[in-house]
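Computed from a predicted model, the values in this text were never measured in an experiment. Residue numbers begin at 1 in each chain, while the letters A, B, ... track the order of the sequences.
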2 protein chains.
Amino acid sequence: MERTRSAILTAAASALARDRSATLPEIAKAAGVGRTTLHRYFPDRDTLIRAAVEDSVEAIGEAVTEARLDQGTPVEALHRLVTAYLHVGDRLVFLFNDPHVMRGYGVEQPEEPVTADPVLDLITRGQRDGAFDDHVSPQWIQHVLWALVYTGIEEADRGTMSRHGVAATVIRTLERGILA
Amino acid sequence: MERTRSAILTAAASALARDRSATLPEIAKAAGVGRTTLHRYFPDRDTLIRAAVEDSVEAIGEAVTEARLDQGTPVEALHRLVTAYLHVGDRLVFLFNDPHVMRGYGVEQPEEPVTADPVLDLITRGQRDGAFDDHVSPQWIQHVLWALVYTGIEEADRGTMSRHGVAATVIRTLERGILA
DNA sequence: CGGAAGTGGACCGTCAGCGTTCCATTCTTG
DNA sequence: CAAGAATGGAACGCTGACGGTCCACTTCCG
């Protein structure tokens with residue numbers, strides 16, 4: 001069943017986000033599935049993790065696409081992007097804590113020029129329009145964005161901040177820093 | 001020898017920062033020490049990690065103390081703090097990636113009020129003086145600070161940015177955000 | 001020089017997690 | 001309802017990491 005596969009991948013991302021050394025039985029239980037079934041879908045741990053990474057990348061990619069970053073002003077788009085990221089928090093945290101998928105993307109890509117990243121497109125557009133700081137590299141802005149969203153998610157998970165307050169706070173700090 | 005103990009703890013923090021599932025022999029080798037010696041100083045893995053955490057907390061604490069955060073304007077102090085953090089990058093990354101020491105501090109603390117954190121003192125002072133944004137909590141600012149420093153360290157490790165450029169960039173983004 | 005302390009290579013028993021298989025049970029579907 | 005597919009509990013062997021020990025070797029100092 002495709003439904004099972006999806007549930008496993010989601011649960012795996014969630015469980016591994018919390019504890020990257022989560023055991024296979026733990027993941028299976030989190031997915032509401034027996035260890036045998038888990039093994040049936042993903043023969044070994046490595047396969048599972050790769051699939052989970054791929055699935056999360058895809059899910060996040062969809063969320064970003066839906067955010068329509070090419071529409072409206074860069075600042076408006078940025079707001080939608082942050083919101084979108086927060087909605088896929090688990091997967092984002094999972095990718096963030098993986099053997100640092102972020103740098104090489106872990107999943108082998110056949111030398112894709114990667115020029116087609118909507119987020120980087122938005123950032124460069126914002127810099128061109130004079131909306132975003134162009135004294136720093138687009139990559140830096142992207143990483144800062146990830147870091148702040150990640151921090152916000154932690155805050156929400158811990159209960160320190162309300163789910164909604166997080167978005168506003170992340171955006172505020174992202175845009176204007178911490179100075180008064 | 002106290003020298004050996006220190007070398008082990010430093011190497012452990014460094015190795016575990018890169019790969020938190022680093023094996024004991026790996027840590028021993030990183031410390032330039034035999035597995036037996038490692039075992040002599042720290043009977044089991046858990047003891048080693050606790051000691052490494054404690055050691056790192058202490059080292060960072062010293063670096064913060066030396067930054068004299070109560071001197072000069074909050075902004076000046078913040079600059080020194082960021083620089084100090086970057087100098088103890090390895091340990092910071094180690095603590096950051098630990099079973100989330102950051103939240104509960106992992107190391108048992110007997111209900112210390114924790115009121116004596118120079119960093120939080122600086123932040124609240126900055127907010128009181130009208131230097132820092134007081135629409136967000138001091139904790140949030142602290143976490144953002146950590147996150148940005150962490151991001152900067154990654155950048156430096158990856159070679160994306162020069163060691164010196166990192167400090168300037170982190171401070172710039174921390175202070176004024178990503179808007180132009 | 002000689003003993004004490006520290007070091008580390010080698011070895012070993014244990015154990016948790018993994019990969020694999022078997023099989024009874026449940027769920028689907030024609 | 002019956003055949004087939006899917007599920008998951010149970011058991012097993014394997015492997016890698018760990019905790020622990022023994023012992024030869026170096027270093028240091030009386």
Nearest whole Å is fine: how far is [N] [atom2] from [X] [atom1]?
X: Lys29(A); N: dG17(C); atom1: NZ; atom2: C1'; result: 15 Å
X: Asp46(A); N: dC18(C); atom1: CG; atom2: C1'; result: 13 Å
X: Leu38(B); N: dG20(D); atom1: CG; atom2: P; result: 13 Å
X: Ile27(B); N: dC18(D); atom1: CD1; atom2: C1'; result: 12 Å
X: Arg40(A); N: dA5(D); atom1: CZ; atom2: P; result: 12 Å
X: Asp44(B); N: dT14(C); atom1: CG; atom2: C1'; result: 15 Å
X: Phe42(B); N: dA17(D); atom1: CZ; atom2: C1'; result: 19 Å
X: Leu24(B); N: dA17(D); atom1: CG; atom2: C1'; result: 8 Å

Give a yes/no on whether any side-chain N or O of [X] is located under 4.0 angstrom from OP1 or OP2 of [N].
X: His39(A); N: dG19(C); answer: no
X: Thr4(B); N: dT7(C); answer: yes
X: Thr37(A); N: dG8(D); answer: yes
X: Thr36(A); N: dT21(C); answer: no
X: Tyr41(A); N: dT7(D); answer: yes
X: Arg35(A); N: dG8(D); answer: no

Looking at every non-hydrogen atom in both residues, tell me the closest pair between Ile123(B) and Phe132(B) and how far apart they are.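 Residues Ile123(B) and Phe132(B), closest heavy atoms: O-CD1, 3.6 Å.
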Is it true that Asp55(A) and Arg5(A) make a salt bridge, defined as a side-chain N closer than 4.0 Å to a carboxylate O?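 No salt bridge links Asp55(A) with Arg5(A).
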I'd like to know if Asp44(B) and Arg50(B) make a salt bridge, using a cut-off of under 4.0 Å between side-chain N and carboxylate O. no
Rounded to the nearest 0.5 Å, what separation is found between the CZ atom of Arg40(A) and the CD1 atom of Ile8(A)? 10.0 Å
Between Trp146(A) and His143(A), does the ring centroid distance fall short of 6.0 Å? yes
